Each structure stands twice: as structure tokens, then as C-alpha cells.
Amino acid sequence: MDLKITNTLMREKQVFTPIDPSNVRLYVCGPTVYDHAHVGNARPAVVFDVLVRVLRHLYGKDHVTHVANITDIDDKIMIRAKERGVDIETLTGETADIYNADMAAIGVNRPDVQPRATGHVSQMIAMTERLIERGHAYAAEGHVLFNVPSMSDYGQLSRRDRDEMIAGARVDVAPYKRDPADFVLWKPSADDQPGWDSPWGRGRPGWHIECSAMAAEHLGEVFDIHGGGLDLIFPHHENEIAQTRCAFGHARMANYWMHNGFLTAEGEKMSKSLGNFYTVHELLEEWPGEAIRLLLLSAHYRQPLDFSKAGLREAKTQLDRLYRALENSADIPTEQPGLMLKNQNDAAVDIDHPREQYILEALCDDLNTPLAISRLHKLATSLNSDDRANPAIKRTFLQGAELLGILSTTPSEWFQGEVSGISPIEIERLIAARSNARKAKDFAEADRIRDDLKARGIELEDGPSGTTWKRAG
RNA sequence: GGCCCCGUGGCAGAGUGGUUAUGCAGAGGACUGCAAAUCCUUGUACAUCGGUUCGAUUCCGGUCGGGGCCUCCA
């Protein structure tokens, strides 16, 4: 099945054709680690995680290389480290660990390579030297700058030309720049700032060069897909392209550029000054990671998405429904052992040899996750209806959930996990007591037990095969 | 000023030149001692004004409204 993706470079949806099907390569711009990731940072992580799942499905588990960097040298990091009185390595190390834990909690698989900028300074210096040699960069007052006019077709990705950029510039032009549009590849560090020795003195890299250097190091001079947030199109990605193409002399840096839209929080632009941003870390204290993930996937990745508590509540309700379908179809076998889902011993799915493509088809159309989710719901309806449930439907359902990265736990863990204040044994004892009362037609006592448990956060459900319980809420 | 996006039923949110999106919420029904869960039925939406068309929510243009980017930013 063809995968179609919207290529920002062409401004159109295109069929994806990898350079090398045995090694599909993509690079996603990762976080700058100076503070907890907010949900806005989580969106690209989740979106591109789904893309990687689809790519692995199409090309094979071992035929995809996913690189997502961590930016661990940056002025914001320097400032924050100083405020907290810790060294930079401590700050970035801690923050990166929390980031990875938070992403894992919302079902994001670790990239194959997670390069850190500080580990690639020599490559950045080498690339900068190469750009100087080729006449695309120059040193001035301890800085090295990329000379934008030296690249005739600069601006293809963002579709803006040099003159427009200068007209729209909001900052004063540094006096050492040959051209107002030139941007920094290397800048000098003061003695109390972190720095590395270089041919231009002790200094540190500019922002854009790190991604060019790390992508080249781990994926080569030209690769398949480069992703990130919409706001990175200009200047970050434009400048990455300029650096990489001018350093290596290719017509492309990456063949496909994908950009996710922005999030708002409770209908407003997330901003530090309004204090209305949610960090993944704090949300996880109150909500299941899968609810956060499902909400992030509930709108198409290129569309704006409002992240709200009401939205989380609905995502949670939707997951309840999907887990219920899983529970209700527990006795349906699915054959095809292969990828073992944590879910249930009989529900393994061979993700490399799928038969049903109902969900995959939606995801292959430029990652149409809302459509994929709606199809998952249709399958859930079937699984909940005895007359329509069958192994093929269940396989498709599980495979789709796997591609979306949800339903990664068991229904019992989902519904009953982490109950506090009462033990499962005590609950079972009360259920038995209530069952006896019901047999004796003492419904007043039965209802009393049920209400009592409900007050303690446990809801009972009488099914055809007996009474089950779940955590309320 | 330049570049770009959006406006779908109570809410969220896909999609399509003529056929049910889906979920949540609401209403009715089935099941249940009563609930819960589940299933079935139900609401007949596409900002506005023109144009193209046999036919437009879907294509084109204008208008109104909202949003993003233009070297901090996912």
C-alpha cells in the first residue's frame, strides 16, 4: 500500500518513495532540554512515532532508522542552569531523562538514535569548515556566519526570498554580517560560558548547525523524511537545508518535509506568561498516558488542536469503550502469532504480515489518525456485537491499536489498576456478599453494598457471567 | 506589508462533486430486580455572496470571521 504524505517542500500530498527501501531514514527535531516538556512538544513526538510505526509496518521493523535529537547546548539552557546553580550537564541530563520517561508514558518508542548536540561538536566544526572552504560561510569577530546570498535558491522550503526576510526582520543586524540575512554557524563564548575550542577560538555552535551535522552523521548527506513543528519551517529548517546542501552539494537535504500544527490550551495560545500550558509530566499525575496520546491523535497532525481537560475526559471515555470491546472479545482467537501484544495470550498479531488494512489504509493517507480512530470505533462496535465479532475483525482492531500506539495494557489493568483504599480481595468478598443478597431477593442490601462500593470508588457491573468491577472515573 | 492555514450538526472532528463519517453529550427502545456496560434507532450539519455544473458542503472568485509564521519556539 502506498503511503502518502504532505510534503511541505512541494506543498502537496505525494506518494512516499524511499531512497533505499531497506533503510528508510527520518530525522525529527527533538526538544531543547531545559524544562519539562509541554504537550506542544509531545505532539510531534507522538505524530512521528505513529509515522515510524507505519513505516516499520510497510518496510519492516529493521528497515527504518529514526533519529530524533536532543538539544543540550543552547542559551536558554545556559540561563536556566545558572538560575538553578547547577552545571549544564546536570540540567540537561535530568531534563532529558524526564523527557524520555514522559514520552514513554504516552507510548512513544525511543528513536533508534537520540543524538545530543554536545556529542557532535567536532562534526559541526567540520561542517562549518567545509562551508567556509566552499565559499558559503565566513569568519568575523569570532563568529562564523553562513552567507545567504551565496546560495542561489535559498528559501525554497518557506517560500520566502532574502529581501522579504530582511524587510520582516525584527532584530537589529549585527555589524559583522556581510548580509543582513546571514545566520550564525558558530559564536564565541565568554569565559564563564560553555565552549569548545575551534579554529575560530573558543565558542559554541549556532542552533541550526547541530541538526545538519547530526542528521548527516547518522542518516547521510541526503535522507528521506525530516519532520518537526510548523514553526520550525523558518528559519530552522530553511537554514538546515542551506547548510547541508551547500556543504555536500546535493539538490536536497531530505526528500520529504513534514510539519505538525500547533496546539492551543483550553482555546488559548499556550504561553508562559498566561501560565496556560500543560506539561506532560503534570498531566500524567492525573490522566492515563493513553488518554493524552489519543487526544493528540484526535485531530489530523497538520491541523491546529485544542488541548483541554474536556478533551482528555472524552479521550478517556473513548478508551474505556475500546478497552470494553477488547474485554468483550477476549474469547475470540486471533491466530497469527508474531508480535506479542501485552494484551492477551490469544491476541497476538503479526504486524509484518497483516491481512486486514482497514486502519492502515487511513494512516497511509497522510496519517489520517482521526479516520483511523473512527474505524477503530466501528470495529469496536462489531466486537461488542456477538453476531458480528470474528477473528479477522479482532486482528484488524489490535493491529490498528498497535499502529496508533494505544490499548497497550490489558482491560483489567485499564479498568481496575491502581485502586487505592480497598483491596481486590475485599472487593471480591463484598461482591460475593451482594450476590447472596440478590439470590435471596434482598435487593435493598444488594444496592446498599453497591452504593457503598461506589462511594469508595468502585463501580459494579452485573453481566451475564457474573458481576465485575472497575475503578470509577 | 510578505508567506500560510482554518471556518462542518450541542461539542470534538474526518471526508466527499450526487450515497451513513466516527466519538462524546441528548432522545427513544432492547437487556437488567434496579443500575452499569453493551446493542439498536434517532437528530438530517457543512460561515457568507457569486460563478462553473444536470447537480457543490466538496471546484473557482469575492466578502466576513478566526489563527499561525516573518531569525526564542513543537
Side-chain angles (χ1 to χ4, degrees), chain A residues 8 11 28-32 37-48 74-76 148 155 158-161 163-171 173 180-184 206-208 227-236 238-239 259-264 269-272 294-295 298-306 308 310-311 313-322 324-325 327-328 362 365 368-378 380-388 415 438 441-444 446-447 450-451 454 459-464 467-470 472:
Chain A
T8 308
R11 303 286 151 103
V28 181
C29 287
T32 300
H38 57 70
V39 281
N41 297 301
R43 170 121 96 151
V46 169
V47 163
F48 290 106
D74 166 271
D75 286 4
K76 287 194 294 292
V148 169
S158 58
R159 306 232 167 151
R160 63 186 80 204
D161 62 35
D163 295 339
E164 285 170 358
M165 272 172 47
I166 295 161
R170 294 189 298 199
V171 293
V173 176
D182 291 353
F183 58 89
V184 170
W207 175 33
H208 316 301
L230 206 63
D231 56 320
L232 295 180
I233 294 173
F234 188 86
H236 186 55
E238 196 68 80
N239 291 347
H259 294 94
N260 63 273
F262 261 45
L263 247 48
T264 53
K269 184 182 177 177
M270 287 195 290
S271 83
K272 303 254 168 175
L294 188 63
L295 176 54
S298 70
H300 183 85
Y301 75 92
R302 305 183 71 244
Q303 296 301 126
L305 168 66
D306 185 43
S308 66
R313 222 167 290 127
E314 182 173 341
K316 166 75 165 56
T317 303
Q318 288 201 34
L319 285 163
D320 283 344
R321 182 169 190 273
L322 298 176
R324 186 71 69 181
E327 187 175 64
N328 289 344
D365 185 14
N368 193 338
T369 53
L371 184 61
I373 292 165
S374 83
R375 291 184 171 184
L376 213 49
H377 276 292
K378 285 190 176 183
T381 301
S382 294
L383 292 177
N384 280 327
S385 315
D386 292 341
D387 54 330
R388 281 182 294 152
F415 290 117
R438 290 177 72 207
K441 303 277 184 212
D442 184 357
F443 296 120
D447 290 350
R450 185 168 63 191
D451 292 344
K454 182 155 190 181
E459 286 176 3
L460 299 188
E461 293 166 3
D462 297 328
T467 299
T468 58
W469 64 272
K470 65 168 191 167

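On a predicted model such as this, the values are computed, not experimentally measured, just so you know. Chain identifiers are assigned alphabetically (A, B, ...) following the order of the sequence lines, protein sequences preceding nucleic acid strands; residue numbering begins at 1 within each chain.
Counting to the nearest Å, the C1' atom of B:rG13 and the CZ atom of A:Arg302 are 17 Å from each other. The interatomic distance linking A:His208 (NE2) with B:rC72 (C1') rounds to 11 Å, in whole Å. Rounded to whole angstrom, the span from the CG atom of A:Leu319 across to the P atom of B:rC24 amounts to 12 Å. Remark: P of B:rG68 and CZ of A:Arg43 are 15 Å apart, rounded to the nearest angstrom. If you measure from atom CG of A:Asp75 to atom P of B:rC73, you get 10 Å, rounded to the nearest angstrom. Atom CD of A:Glu314 and atom C1' of B:rA14 are 14 Å apart (whole Å). A straight line from CD of A:Gln318 to P of B:rA14 spans 13 Å, rounded to a whole angstrom. Rounded to an integer number of Å, the gap from A:Leu263 CG to B:rC73 P is 18 Å.
Using a 4.0 Å heavy-atom cutoff across all strands shown, A:Ser158 reaches sugar-phosphate atoms only and no base atom. No contact: A:Gly311 has no heavy atom under 4.0 Å from any strand. Using a 4.0 Å heavy-atom cutoff across all strands shown, A:Glu238 reaches no nucleic acid atom at all.
Rounded to whole Å, the C1' atom of B:rA30 lies 29 Å from the corresponding atom of B:rA45. With C1' as the reference atom, B:rG17 and B:rU58 are 6 Å apart, rounded to whole Å. On the P atoms, B:rG65 is 15 Å away from B:rU48, given to the nearest whole Å. Comparing the P positions of B:rA74 and B:rA36 gives a spacing of 46 Å, expressed to the nearest Å. Rounded to a whole angstrom, the distance from the C1' atom of B:rG66 to that of B:rA47 is 11 Å. The same atom, C1', is picked in B:rA21 and in B:rG15; the two are 7 Å apart, to the nearest Å. For the P atoms, the distance linking B:rU52 with B:rC60 amounts to 16 Å, nearest Å. Using atom C1' as the reference point in both B:rA14 and B:rU71, the two lie 36 Å apart (nearest Å).
For A:Asp182 (side chain) and A:Val148 (main-chain N/O), a donor-acceptor pair under 3.5 Å exists by modelled atom type.
Distances from the side chain of A:Ala446 to the nucleotides B:rG33, B:rU71, B:rA74 place B:rG33 closest. Side-chain proximity of A:Lys269 to B:rC3, B:rG68, B:rC72: nearest is B:rG68. Nearest nucleotide to the A:Phe234 side chain, out of B:rC6, B:rC70, B:rG13: B:rC70.
Taken from OG1 in A:Thr8 to CG in A:Leu230, the straight-line distance is 7.5 Å, to the nearest 0.5 Å.
Nearest heavy atoms, A:Arg321 versus A:Ala380: NH1-CB, 3.9 Å. Shortest non-hydrogen contact noted between A:Ala315 and A:Leu294 is O-CD2, 3.6 Å. Nearest heavy atom pair, residue A:Thr467 against residue A:Asp462, reads OG1-OD1, 2.7 Å. Heavy-atom minimum distance, A:Gly311 versus A:Leu295: C-CD2, 3.8 Å. Heavy atoms only, all atoms of each residue included: A:Phe415 and A:Asp320 are closest at CZ-O, 3.4 Å. Among all heavy-atom pairs drawn from A:Arg324 and A:Asn384, the shortest one is O-OD1, 3.9 Å.
Here A:Phe262 counts as stacked on B:rA74: its ring centre is under 5.5 angstrom from the base ring centre and the planes meet at under 30°.
Along RNA chain B, the nucleotide nearest A:His377 and the nucleotide nearest A:Gly228 are compared for position; the residue whose nucleotide lies closer to the 5' end is A:His377. Looking at which nucleotide of RNA chain B each of A:Ile373 and A:Leu305 is closest to, the 5′-most match is held by A:Leu305.
Using the Watson-Crick or G-U wobble rule with both distances under 3.5 Å, B:rA21 pairs with nothing in any strand shown. Pairing of B:rG26, defined by two Watson-Crick or G-U wobble distances under 3.5 Å, is identified with B:rU42. With both pairing distances under 3.5 Å, B:rA47 is matched to B:rU63 as a Watson-Crick or G-U wobble pair. As the counterpart of B:rA35, no nucleotide is assigned, since no Watson-Crick or G-U wobble pattern has both distances under 3.5 Å.
Using the six-membered ring where Trp is involved, A:His236 and A:Trp207 have ring planes that are parallel, under 30° apart on the 30 and 60° scheme.
For the side chain to side chain donor-acceptor pair (under 3.5 Å) test, no residue two or more places apart in sequence or in another chain qualifies with A:Arg43.
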- Note on the structure: Per-nucleotide protein contact along nucleotides 34-42 of chain B, 5' to 3', at a 4.0 Å heavy-atom cut-off (B base, S sugar-phosphate only, - neither), is BBBSSSS--
- Audit row: A:Asp451, A:Lys454, salt bridge (charged side-chain N to carboxylate O under 4.0 Å, His left out) steps and yes/no: CA-CA 5 Å; A:Asp451 292 344; A:Lys454 182 155 190 181; over 6 Å; no
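Atom CG of A:Asp442 has more than 12 heavy atoms from other residues, nucleotides or ligands within 6.0 Å.
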Nucleotide N/O to protein N/O under 3.5 Å, stretch nucleotides 15-21 of chain B:
residue	atom	partner	partner atom	Å
B:rG15	OP1	A:Asn368	ND2	3.3

